[in-house]
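From a predicted model like this one, the values you see are computed outputs, not experimental measurements.
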Amino acid sequence: MHLLNAGSFLALVVTLPLTALASSTIDPRTICLLKPKVSGYPVSILGICLEAKQANFIVEKFKSILTNPDRSAAKATAEALIAQVYVEESDSINILAGYTLGGPSFTSKKSFIEGVAAAPAIPSMKTLEMFHSCDKISWRWNVQGLGRQTYPVKGINTFVVDPCTGQIKATYIEFSSIAWGVDIGWTCTPPPAGSGPPQ
């Protein structure tokens, strides 16, 4: 019986198409390790679920799409980070854009890049909190300095990701759409200042 050493094994695995690997008995972690990844995405040899450093990388890359003043660089980041099959849902976006509530906001990678990466950069975006499961990330954020700078805008994104490649497959996002609307020029009369929730 001929045994392969570690180097020979990896050389053999690299020559196999991923479809063949998926149908074989090779460890799924090996398949995950060999998938093409977003440039700079931290590699994990421990498993096929997200680690904190990987979740942080994805969030920071996505944030740069929104905040980078160099919109060509932002577009390039979006091209790499967003999966080829992508969907985004947000009634906060839909109400601002005049889309049907409950429907998708972006239905493809192309529409996302055209709608978001081509928009003006957000001046300041702070991460408030981030936590993740095996293939999902929840990210709470705060935007300041938008448009008229009347209100800060808080929101939360839930990303569905491929832990092996670092790409985002879907995003579900909701935020303070009234505050955003006023900041970009909408007219809205809030309740009298100082009112708050019942005690």
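In this structure, F131 shares a hydrophobic cluster with no other residue, the cluster being traced through Ile, Leu, Val, Met, Phe, Trp and Tyr side chains under 4.5 angstrom apart.
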Return all side-chain donor-acceptor pairs below 3.5 angstrom for residues 38-55, not counting sequence neighbours, or 'none' if the list is empty.
| unit_1 | atom_1 | unit_2 | atom_2 | d |
| --- | --- | --- | --- | --- |
| Y41 | OH | P163 | O | 2.7 |
| S44 | OG | L46 | N | 3.2 |
| S44 | OG | E51 | OE2 | 2.4 |
| Q54 | OE1 | E51 | N | 2.9 |
| Q54 | NE2 | P42 | O | 2.9 |

List the atom pairs, with distances to 0.1 Å, where a side-chain N or O of residues 109-120 and a protein N or O form a donor-acceptor pair under 3.5 Å, not counting sequence neighbours.
| unit_1 | atom_1 | unit_2 | atom_2 | d |
| --- | --- | --- | --- | --- |
| K109 | NZ | E79 | O | 2.5 |
| K109 | NZ | I82 | O | 3.2 |
| K110 | NZ | E114 | OE2 | 2.6 |
| S111 | OG | T107 | N | 3.3 |
| S111 | OG | S108 | N | 3.2 |
| S111 | OG | S108 | O | 3.0 |
| S111 | OG | S108 | OG | 3.2 |

Can you give each donor-acceptor pair under 3.5 Å made by side-chain atoms of residues 141-162, sequence neighbours left out, with the distance rounded to 0.1 Å?
| unit_1 | atom_1 | unit_2 | atom_2 | d |
| --- | --- | --- | --- | --- |
| W141 | NE1 | N157 | OD1 | 2.8 |
| D162 | OD1 | C164 | N | 2.9 |

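Among pairs with a residue in residues 86-107, none fulfils salt bridge (charged side-chain N to carboxylate O under 4.0 Å, His left out), at least two apart in sequence or across chains. Within the structure, the side-chain hydrogen bond (donor to acceptor under 3.5 Å, both in side chains) test picks out no pair touching residues 66-77 (sequence neighbours left out). Residue pairs meeting the side-chain hydrogen bond (donor to acceptor under 3.5 Å, both in side chains) criterion with at least one partner in residues 169-187, sequence neighbours excluded, are Y86-T171, S92-E174. Within the structure, the side-chain hydrogen bond (donor to acceptor under 3.5 Å, both in side chains) test picks out the following pairs touching residues 97-106 (sequence neighbours left out): N94-S105. The salt bridge (charged side-chain N to carboxylate O under 4.0 Å, His left out) pairs that include a residue from residues 92-106 number zero, where partners must be two or more places apart or lie in different chains. Sorted by first then second residue, the salt bridge (charged side-chain N to carboxylate O under 4.0 Å, His left out) pairs that include residues 129-141, not counting sequence neighbours, are E129-R140.
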Next on the checklist: For a side-chain contact (heavy atoms from CB on, under 4.5 Å) check, start with the C-alpha distance between K63 and I122, then their side-chain angles and the critical distance, and finish with the verdict.
Outcome noted: CA-CA 9 Å; K63 185 164 70 170; I122 294 172; over 6 Å; no
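For C188, there are no disulfide (SG to SG under 2.5 Å) partners two or more places apart in sequence or in a different chain. K37 meets the salt bridge (charged side-chain N to carboxylate O under 4.0 Å, His left out) test with no other residue; sequence neighbours excluded.
Both I173 and L66 are members of a single hydrophobic cluster when ILVMFWY side chains are connected at heavy-atom separations under 4.5 Å. When the side chains of ILVMFWY residues are joined at heavy-atom separations under 4.5 Å, either directly or via intervening members, I93 and W139 end up in a single hydrophobic cluster. Connection of I58 to L33 is not established within any shared hydrophobic cluster, with ILVMFWY side chains joined at heavy-atom distances below 4.5 Å, either directly or through further cluster members. Side-chain heavy atoms closer than 4.5 Å link hydrophobic residues (I, L, V, M, F, W, Y) into clusters, and following such links, even through other members, never connects F175 to V182.
The minimum heavy-atom distance linking L96 with G181 is given by the pair CD2-CA, 3.9 Å.
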